[in-house]
Q: 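Quick one: this structure, given as structure tokens, is what I'll be asking you about.
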Amino acid sequence: MKKQRNILKALGLAVLLSAAACNPEKFAGDLGPTPTSDEVKITATPDGTNPNIIHFTNETPGTVTAVWDLGNGENGNGKTIDGSYANAGSYDVKLTVFTKGGYASNTTKVTIATTNVSMLDREDYNFLTGGKDSLTGKKWRIAGELKGHLGVGPAAEASPIWYEAGPNEKASEGIYDDRMVFSLFDNFSFNYINHGNTFASGEFAGDLSPGAGGNGDVTVPFTPPSGMSWSISEEGGKKYLKMSKGGFLGYYVGSTRYEILKLTEDEMYLKGDSKKPSDAWWFRLVKESYKQVVVVVTKPYKAPDISDDFDAHSTVVWKKESLTLNESYDNPLPLGLNTSAKVGMYAKQDGQPYEFANMYADFDYKFDLNAKHTVTLKIYIPSSNDFTTELGESWANQFLLKQVSVKLQDGTIAAPFSTQVEKIQQVTQLDRWVQLTFDFNDAVTRKDLDRFVIQVGGEGNFIPGLFYIDDIKFQ
């Protein structure tokens, strides 16, 4: 504190000396005594037509420079300054004055009796609350009729790539009749109407109902606290919605802060924090009375056109799930089975966030496996990978595996893995290129598959791995 005071005092003297250079006579002689906090005088006068605007005046004798912090995120300098306070509440206004002898600060409290909603005419506020004409606020609900109304994925991803809830999938959990009410009034009130119970991740359910929990999701008794409020802030160019007193939106995962991905008159799409820093949850809400027309798109049925040699020819746009994929990497061993210049480098990082690392592609048609049902590819597995450390999920083989898995999935459903067809090939030769064949002849009657997935090293283990892949072909 002493060091900070000396720095500020030096700053004050610098200001004075600068001013003295412009008007030497004004600062001739002694600088004078250092002012005290009690000598810093502030008057605060409400505006005659709008009491939410306060006119401040510095009444401190001998002031050369006056610096204001208005307690509402605004600051400035000068003998007088106006502060705007749209929201009811108390604000601490700080004035720092610099005199010939130094500087001093004092604080006064400003109390605003009522919120002036006319000063809150912002598009995001109006969409969220219904605006100043909606005296009881605006009710929102989880959009249970839509795919993806709940979703989960790695926090670093832009979409919930692990899971998206299907239409009305959670109908038995009591979440769809919950209502979240946002208002501009009563100090930005937030009310959660849950009819006595709340849907929660079993991992965090004990926060709401002591003793509750489990591996899956659970519905638990819970009474939301009264007097909750909401706020919208901007951080790093992104907007965030947050509720006080631990308030949340219908499904509890330990989150009270949500990134606003979309907010309109009818829809709200949010990305919520989780108590697990590696994870995030997505929430799709609509206003209570909203009815959306769901258009069902029927995909055509055709033979899979899937091939990639990582040199020049590819019919695939790869997506990555917790995976680093370099699609133009120098061939580490351009000999024998594979002499091509470029291959794909498949890098799985260590830790739980990367336990399902894979590459995949979605198509605008359903696979006709009668026409083509065999997948071939070349794989190079270095022996330098760690195949001896055991670490992973309790349900999984916890070692990094010398294997390649090819999966065909229905990418249009909430949990594509639940109906997938999977073929696994073990690799017994390391440090060389090996060609593998995956035959889906036993799945030719399936008419719903439109996602192609390749996973190397197994899933559920937390061990990193580096692999090379080439000449993928569906034939």
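Start at 1 with the first residue, then count along the sequence.
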Q: Would you say the side chains of S244 and S229 form a donor-acceptor pair under 3.5 Å?
A: yes

Q: Return yes if some donor-acceptor pair links the side-chain N/O of S322 with the main-chain N/O of P353 below 3.5 Å, else return no.
A: yes

Q: Is it the case that atom CD in E393 sees more than 12 heavy atoms from other parts of the structure closer than 6.0 Å?
A: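 Yes.
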
Q: Apply the test side-chain hydrogen bond (donor to acceptor under 3.5 Å, both in side chains) to residues D431 and S383: give CA-CA distance (whole Å), side-chain angles for both, the deciding distance (0.1 Å), then the verdict.
A: CA-CA 6 Å; D431 300 323; S383 61; 2.7 Å; yes

Q: Can you name the one residue among D471, D308, D470 that meets salt bridge (Lys or Arg N to Asp or Glu O under 4.0 Å) with K378?
A: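 When salt bridge (Lys or Arg N to Asp or Glu O under 4.0 Å) is applied between K378 and each of D471, D308, D470, only D471 qualifies.
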
Q: Do the side chain of T129 and the main chain of G131 share a donor and acceptor less than 3.5 angstrom apart?
A: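 The answer is yes, because a donor-acceptor pair under 3.5 Å joins these two groups.
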
Q: So, R446 and D368, do they make that salt bridge, N to O below 4.0 Å?
A: no

Q: Is the backbone N or O of T389 less than 3.5 Å from a side-chain atom of D386, with the two atoms forming a donor-acceptor pair by type?
A: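 Yes; judged by distance alone, with no hydrogens or angles, the pair exists.
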
Q: For K239 and E259, what are the C-alpha separation, side-chain angles and deciding distance, and is it a salt bridge (charged side-chain N to carboxylate O under 4.0 Å, His left out)?
A: CA-CA 6 Å; K239 283 188 175 182; E259 180 186 345; over 6 Å; no

Q: Which of these passes side-chain hydrogen bond (donor to acceptor under 3.5 Å, both in side chains) with K342: N326, D311, D309, D330?
A: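 Only match with K342 under side-chain hydrogen bond (donor to acceptor under 3.5 Å, both in side chains): D330.
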
Q: Who are the ring-ring contact (aromatic ring centres under 6.0 Å, His included) partners of F283, not counting sequence neighbours?
A: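 ring-ring contact (aromatic ring centres under 6.0 Å, His included) list for F283, sorted by chain: Y258.
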
Q: Applying ring-ring contact (aromatic ring centres under 6.0 Å, His included), can you list everything that pairs with Y251, at least two apart in sequence or on another chain?
A: F199, W281

Q: Looking only at atom types and distance, does a side-chain atom of E164 sit under 3.5 Å from a main-chain N or O of G148, one as donor and one as acceptor?
A: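 It does not hold such a pair.
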
Q: State whether E459 and K407 are salt-bridged, where the test is any N-O pair (Lys NZ or Arg NE/NH1/NH2 against Asp/Glu carboxylate O) under 4.0 Å.
A: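 Counted as a salt bridge, because a side-chain N and a carboxylate O are separated by less than 4.0 Å.
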
Q: So, are E157 and K271 salt-bridged, with charged N and O less than 4.0 Å apart?
A: no

Q: Side-chain donor-acceptor pair under 3.5 Å between S340 and N338, yes or no?
A: yes

Q: Can you confirm whether the side chains of T219 and E173 place a donor and an acceptor under 3.5 Å from each other?
A: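 Note: T219 and E173 side chains meet the donor-acceptor criterion.
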
Q: Could you check whether the rings of F363 and Y365 sit parallel, tilted or perpendicular, using 30° and 60° as the cut-offs?
A: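 Geometry flag for Y365 against F363: tilted rings.
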
Q: Before accepting this row, confirm whether a basic side-chain N of the pair D121/K132 lies closer than 4.0 Å to the acidic partner's carboxylate O.
A: no

Q: Check whether the side chains of T198 and Y192 place a donor and an acceptor atom closer than 3.5 Å, and report yes or no.
A: yes

Q: Above 12 or not: heavy atoms from other molecules or residues under 6.0 Å from NZ of K242?
A: no

Q: Is D410 paired with R451 through a side-chain N to carboxylate O contact shorter than 4.0 Å?
A: no

Q: For a quick check under 3.5 Å, do S307 and D305 share a side-chain donor-acceptor pair by atom type?
A: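 Short answer, no.
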
Q: Please round to the nearest 0.5 Å and tell me the distance separating atom CG of L466 and atom CG of N385.
A: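 CG of N385 is found 6.0 Å from CG of L466.
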
Q: Quick test of your reading: applying ring pair (Phe, Tyr, Trp, His ring centres under 6.0 Å), list the pairs with at least one residue in residues 142-178, sequence neighbours left out, ordered by first then second residue.
A: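 For residues 142-178: H149-Y176.
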
Q: Which class fits the ring pair Y125 and W230: parallel under 30°, tilted 30 to 60°, perpendicular over 60°?
A: perpendicular

Q: Does F367 have K372 sitting over its ring (NZ/CZ under 6.0 Å from centre, angle to axis within 45°)?
A: no

Q: Indicate whether the side chain of N191 and that of K139 have a donor and an acceptor atom separated by less than 3.5 Å.
A: no

Q: Assess the side chains of D217 and S201: does a donor N or O sit below 3.5 Å from an acceptor N or O?
A: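 No, no side-chain donor-acceptor contact under 3.5 Å.
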
Q: Looking only at atom types and distance, does a side-chain atom of H195 sit under 3.5 Å from a main-chain N or O of D178, one as donor and one as acceptor?
A: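 No, the answer is negative, given that no donor and acceptor are paired below the 3.5 Å cut-off.
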
Q: Just do the ring pair (Phe, Tyr, Trp, His ring centres under 6.0 Å) check on Y380 and F467 with the steps written out, would you?
A: CA-CA 6 Å; Y380 180 108; F467 310 94; 10.0 Å; no

Q: State which residues pass side-chain contact (heavy atoms from CB on, under 4.5 Å) with K299; sequence neighbours excluded, sorted by chain then number.
A: K366, T412, D450

Q: Do the side chain of N194 and the main chain of N197 share a donor and acceptor less than 3.5 angstrom apart?
A: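 Side chain of N194 to backbone of N197, a donor-acceptor pair under 3.5 Å: yes, one is there.
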
Q: Donor-acceptor pair, S418 side chain versus A415 backbone, under 3.5 Å?
A: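 Checking the backbone N and O of A415 against the side chain of S418, a donor-acceptor pair under 3.5 Å is found.
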
Q: The criterion is ring-ring contact (aromatic ring centres under 6.0 Å, His included); which residues satisfy it with F222, sequence neighbours excluded?
A: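 By the ring-ring contact (aromatic ring centres under 6.0 Å, His included) rule, F222 matches F248.
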
Q: Under a 3.5 Å threshold, yes or no: a donor from one side chain and an acceptor from the other, between Q455 and E321?
A: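 No, E321 and Q455 have no side-chain donor paired with an acceptor closer than 3.5 Å.
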
Q: Only counting residues at least two apart or in another chain, list the ones meeting side-chain contact (heavy atoms from CB on, under 4.5 Å) with N87.
A: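 Only Y91, T115, L120, F188 meet the side-chain contact (heavy atoms from CB on, under 4.5 Å) criterion with N87.
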
Q: For the residue pair F452 and F474, does the interplanar ring angle fall in the parallel (under 30°), tilted (30 to 60°) or perpendicular (over 60°) class?
A: tilted

